> 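I have a structure I would like to understand better, so I am pasting it below and will then ask my questions one at a time.
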Amino acid sequence: MHIYSLYELKAAQTAMLMIRKYAIDKSSSHLLKTWAKPYEDFVYQQDRNAHEFLTRDSKKNDITSELLANKSLTNSTDLMSKMVRLIKEEFHHFEQVLQIMTARGIDYSNIRAGRYAKQLIIHMRTHEPLTLIDKLIIGAFIEARSCERFAKLAPHLDDELAKFYTSLLRSEARHFQDYLALAEDIAGEDISERIDYFRNKEMELILTEDSEFRFHSGLPPQ
Ligand SMILES: [Fe+2]
Ligand SMILES: [Fe+2]
């Protein structure tokens, strides 16, 4: 459970960074910060209280209707609206995981991210728009891999968790398609070679030994 709560939050934060950098107008930046604040406060404070967090009054998820897209990228409105929906869902997943953890008496504590995303990011090209296209392709792989793992895990879990993982899986499947569609649109040309490139890197991470156990980790050490 733990590992997923980290994953959901990272997914939301990554998407937020992406739209701050590429899709929203500077004047809207503070709206995103306000949106993320309760989650970040909860995660980074020492004396966190899950019940307080889950029952807070400021629980409104619609401030994003006021976000303005910037004009530097032709696809910024599309990027913004797809990512905003994704962020909403990931924050919601985070709360759902926390709810289940709380009900099961599992305390939230932070864990370090594993090697997976870091090792993919190092292969990003360093000039735009290629960096953005690579980021989106990596996003697609992360989401698709989690989708696969939820599907593999669900049959081994109790009913409540199996149902929950299946609901997550549906939404992660949409996320991976959104990332891929954005990468293709922004590239404006065939990107299958680049997808293959990351597919190979990703496969290596999944199939080689990994000392840390995380949601996207490789094989456990023998
Ligand atoms: Fe999620
Ligand atoms: Fe997702």
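Nothing here was measured: the structure is a model prediction, and the numbers come from that model.
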> I want to know whether Phe53 and Phe42 have ring centres closer than 6.0 Å.
yes
> Are the side chains of Glu8 and Leu168 in touch, meaning some heavy atoms are under 4.5 Å apart?
yes
> Return yes if a side-chain donor-acceptor contact under 3.5 Å exists between Gln96 and His93, otherwise no.
no
> Do you know the tightest heavy-atom contact between Ser27 and Leu68?
OG-CD1, 4.0 Å
> Return the CZ to CD distance between Phe94 and Gln13, rounded to the nearest 0.5 Å.
9.0 Å
> Taking it one step at a time, do Arg48 and Asp107 satisfy salt bridge (charged side-chain N to carboxylate O under 4.0 Å, His left out)?
CA-CA 10 Å; Arg48 64 181 73 84; Asp107 281 336; over 6 Å; no
> What's the spacing between Ile206 CD1 and Ser217 OG if we round to 0.5 Å?
7.5 Å
> So which atom in Leu219 and which in Leu207 form the shortest heavy-atom distance, rounded to 0.1 Å?
CD1-O, 3.1 Å
> Please answer: with hydrophobic residues joined when any side-chain heavy atoms are less than 4.5 Å apart, are Leu17 and Leu32 in the same cluster?
no
> Quick check: closest heavy atoms across Ala15 and Leu86, and the distance to 0.1 Å?
CB-CD2, 3.6 Å
> Are Tyr116 and Glu202 side-chain neighbours, meaning at least one heavy-atom pair lies under 4.5 Å?
yes
> Hey, what do you get for SG (Cys147) to NZ (Lys152), rounding to the nearest 0.5 Å?
11.5 Å
> Report yes or no: is the cationic atom of Arg56 (NZ for Lys, CZ for Arg) under 6.0 Å from the centre of the six-membered ring of Tyr39, at an angle within 45° of the ring normal?
yes
> Find the distance between CG (Asp159) and CZ (Phe164) and round it off to the nearest 0.5 Å.
15.0 Å
> Report the C-alpha distance between Lys201 and Phe141 in whole Å, list the side-chain angles of each, state the deciding distance to 0.1 Å, and finish with yes or no for side-chain contact (heavy atoms from CB on, under 4.5 Å).
CA-CA 10 Å; Lys201 301 287 175 205; Phe141 273 106; over 6 Å; no
> Looking at Leu157 and Ala162, what are the two nearest heavy atoms and their distance?
CB-N, 4.0 Å
> For a 4.5 angstrom cut-off between non-hydrogen side-chain atoms, does Ile133 reach Arg125?
yes
> Is any side-chain heavy atom of Ile24 less than 4.5 Å from a side-chain heavy atom of Asn70?
no
> Please check if the side chain of Asp158 supplies one atom and the backbone of Leu161 the other of a donor-acceptor pair under 3.5 Å.
yes
> Would Leu132 and Leu73 count as a side-chain contact (heavy atoms from CB on, under 4.5 Å) if you check the C-alpha gap in whole Å, the side-chain angles of each, and the deciding distance to 0.1 Å?
CA-CA 11 Å; Leu132 173 58; Leu73 195 76; 4.0 Å; yes
> Which atom names give the shortest non-hydrogen contact between His123 and Gln119, and what distance separates them?
CD2-O, 3.1 Å
> Would His51 and Thr102 count as having a side-chain donor-acceptor pair, cut-off 3.5 Å?
no
> Are Tyr44 and Phe91 linked, directly or through intermediate hydrophobic residues, by side-chain heavy-atom contacts shorter than 4.5 Å (ILVMFWY only)?
yes
> Check this for me, if you would: do Arg85 and Glu90 make a salt bridge, where the nitrogen-to-carboxylate-oxygen distance has to be below 4.0 angstrom?
no
> Are the side chains of Glu148 and Glu143 in contact, using a 4.5 Å heavy-atom criterion?
no
> Find out whether Leu79 and Leu136 are in side-chain contact, i.e. whether some heavy atom of one side chain is under 4.5 Å from a heavy atom of the other.
yes
> Regarding Lys33 and Glu40, does a basic nitrogen lie under 4.0 Å from an acidic carboxylate oxygen?
no
> Under 4.0 Å between a side-chain nitrogen and a carboxylate oxygen: does that hold for Arg174 and Asp178?
no
> Give a yes or no on whether the ring-centroid distance for His216 and Tyr7 is below 6.0 angstrom.
yes
> Could you go step by step and tell me if Arg112 and Arg214 meet the side-chain contact (heavy atoms from CB on, under 4.5 Å) rule?
CA-CA 9 Å; Arg112 245 163 11 105; Arg214 295 290 183 269; 4.1 Å; yes
> Ignoring hydrogens and angles, tell me if any N or O in the side chain of Asp210 forms a donor-acceptor pair with the backbone of Gly218 under 3.5 Å.
yes
> Pair Ile137, Tyr179 - check side-chain contact (heavy atoms from CB on, under 4.5 Å), show working.
CA-CA 7 Å; Ile137 295 174; Tyr179 270 123; over 6 Å; no
> I'd like to know whether Arg199 forms a salt bridge (charged side-chain N to carboxylate O under 4.0 Å, His left out) with Glu193, so could you lay out the CA-CA distance, the side-chain angles of the two residues, the decisive distance to 0.1 Å, and finally the verdict.
CA-CA 10 Å; Arg199 181 179 288 123; Glu193 247 175 61; over 6 Å; no
> Taking atom NZ of Lys26 as the centre, does the number of heavy atoms from other residues, nucleotides or ligands within less than 6.0 Å exceed 12?
no
> Treating Asn49 as the side-chain partner and Glu52 as the backbone partner, does any N or O pair qualify as donor plus acceptor under 3.5 Å?
yes
> One pair to check against side chain to side chain donor-acceptor pair (under 3.5 Å): Glu89 and His92. What are the steps and the verdict?
CA-CA 5 Å; Glu89 293 180 359; His92 180 57; over 6 Å; no
> Quick one: are Lys135 and Lys21 in side-chain contact, heavy atoms under 4.5 Å?
yes
> To check you understand the geometry: which heavy-atom pair defines the closest contact between Phe215 and Ser146, and what is its length?
CE2-CB, 3.3 Å
> Strictly by modelled atom types, are Arg115 and Thr208 linked by a side-chain donor-acceptor pair under 3.5 Å?
yes
> How many angstroms lie between atom CD of Glu172 and atom CD1 of Ile142, to the nearest 0.5 angstrom?
11.0 Å
> Taking the side chain as every heavy atom from C-beta outward, state whether Lys88 and Trp35 have any atom pair closer than 4.5 Å.
yes
> Around atom CG of Asn200, are there more than 12 heavy atoms of other residues, nucleotides or ligands at under 6.0 Å?
yes
> Within this structure, what is the CG-CD1 distance for the pair Leu180 and Ile191, rounded to the nearest 0.5 Å?
5.5 Å
